[in-house]
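The sequence lines fix the lettering, A, B, ..., with proteins before strands; numbering per chain opens at 1. As the structure is a prediction and not an experimental result, all values here were calculated from the model. Heavy atoms only: backbone and side chains are in, while hydrogens, waters and symmetry mates are out.
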Number of protein chains: 2
Amino acid sequence: MAMELDKLDRRILSVIQKDARRAAELIGADIGLSASAVQRRMARMRDEGVITAEVAVIDPKRAGHPLTMIVDVEVERERPELLASLKQWIAMEARIQEAWYVTGAGDYVLVVVARDVEDFEALMQRLVSDNANVRRFQTRVALSTLKRGMLIPMEPAD
Amino acid sequence: MAMELDKLDRRILSVIQKDARRAAELIGADIGLSASAVQRRMARMRDEGVITAEVAVIDPKRAGHPLTMIVDVEVERERPELLASLKQWIAMEARIQEAWYVTGAGDYVLVVVARDVEDFEALMQRLVSDNANVRRFQTRVALSTLKRGMLIPMEPAD
DNA sequence: GATGAAAAGCCGTAGTC
DNA sequence: GACTACGGCTTTTCATC
């Protein structure tokens, strides 16, 4: 289950993480492999969990969620059971796209999308009222999104 | 080109943004539509740019980039031409996954993945040496990733 | 153990009603 | 929006290295 990826695996990944609909035959032609070999490798990487998912990327603006916020959340670290329920809360909230627990002053960093300011404010109010260990939070509004993606760099080297 | 999405469109999106490989027939069965109707809607949404891309999601740890950093970059705002070249620099750097220009003290927020600390340090050194308008930056290391995705909330309501 | 070639099945596409 | 026929892609099998 914890196989190493070889050069060909990485070249396949570098293609499909930009375009998952690309035909295996075309990928194979680029990297010198038959279509079936490409598909077998893809199936293996799905099984092993290297490929987590294959998803459609939606334009947030077109989908009615034009606002993006970066929120730093400061929490009390004293009570571990409250941290666990905060994690669950975050997992449940569809508007919270990304969340990291980071070094620093007991902080979580959240990336949040919202329909509008009211929508966002309501979410933040629920954040503090539902989670007693949230001390304070600081919001930064994304004025423009320069880059958005989850592309993992794939070095050609082996 | 700027059509509104109806309830069925949104239900299709809510499925394929989690699983783009799901057959149109199965999606249609769930939402009460024929396979061809689902496909036609998907084709239309691709044309209109609602569906930006269909991509494979890779586990960063398995792909040799286990570290994630959140970097706040403070820039001088005086020279607009330097801002433009910084944007280009960010766009070119594969390790920078996400970048927002945010409200606050002339800040960019970056999400960066790296192989190890040295790899990350080298990137940050190039950031400051290649971009004269970068005043300072502050790094927070992601100790754990609670959530990662680009799922746009899809309200069932119409 | 992985590959390439061919067969079979499934899915997406396009045209029609 | 549904139905049908077609073409293409994926999946499986099999022989080979």
Give the rounded distance in Å between these two atoms: [atom1] of [X] and [atom2] of [N].
X       : N      : atom1 : atom2 : answer
B:Arg46 : C:dT13 : CZ    : C1'   : 11 Å
A:Arg44 : C:dG1  : CZ    : P     : 13 Å
B:Glu25 : C:dG12 : CD    : C1'   : 11 Å
B:Ile51 : C:dG12 : CD1   : P     : 13 Å
B:Ile12 : C:dG12 : CD1   : C1'   : 14 Å
A:Ile27 : D:dC9  : CD1   : P     : 11 Å
B:Met45 : C:dG12 : CE    : P     : 14 Å
A:Leu5  : C:dA2  : CG    : C1'   : 16 Å

Review point. Is A:Asp30 salt-bridged to A:Arg11, cutoff N-O under 4.0 Å?
Key: no
Review point. Taking NZ, NE, NH1 and NH2 as the nitrogens, is one of them in A:Lys147 or B:Glu93 under 4.0 Å from a carboxylate oxygen of the other?
Key: no
Revision key, fill the gap. Closest to the 5' end of DNA chain C, once A:Arg21 and A:Arg41 are matched to their nearest nucleotides, is A:Arg41
Exercise for review: Using a heavy-atom cut-off of under 4.0 Å over every strand shown, decide if B:Ala43 touches base, sugar-phosphate, or nothing.
Suggested key: nothing
Revision key, fill the gap. All heavy atoms of A:Val73 vs all of A:Asp107, minimum pair found to be O-OD1, 2.9 Å
Review point. Does the C:dG1 base have a donor-acceptor partner in the side chain of A:Arg40 within less than 3.5 Å?
Key: no
**Study point:** Selection from C:dG4, C:dG12, D:dT10 that lies nearest to any side-chain heavy atom of A:Gln39
**Key:** D:dT10
Revision key, fill the gap. Among the nucleotides C:dT3, D:dA2, C:dA5, whichever has the atom closest to the side chain of A:Leu33 is C:dT3
Check your understanding: Should we count CD of A:Glu76 as having more than 12 external heavy atoms under 6.0 Å?
Key -> yes
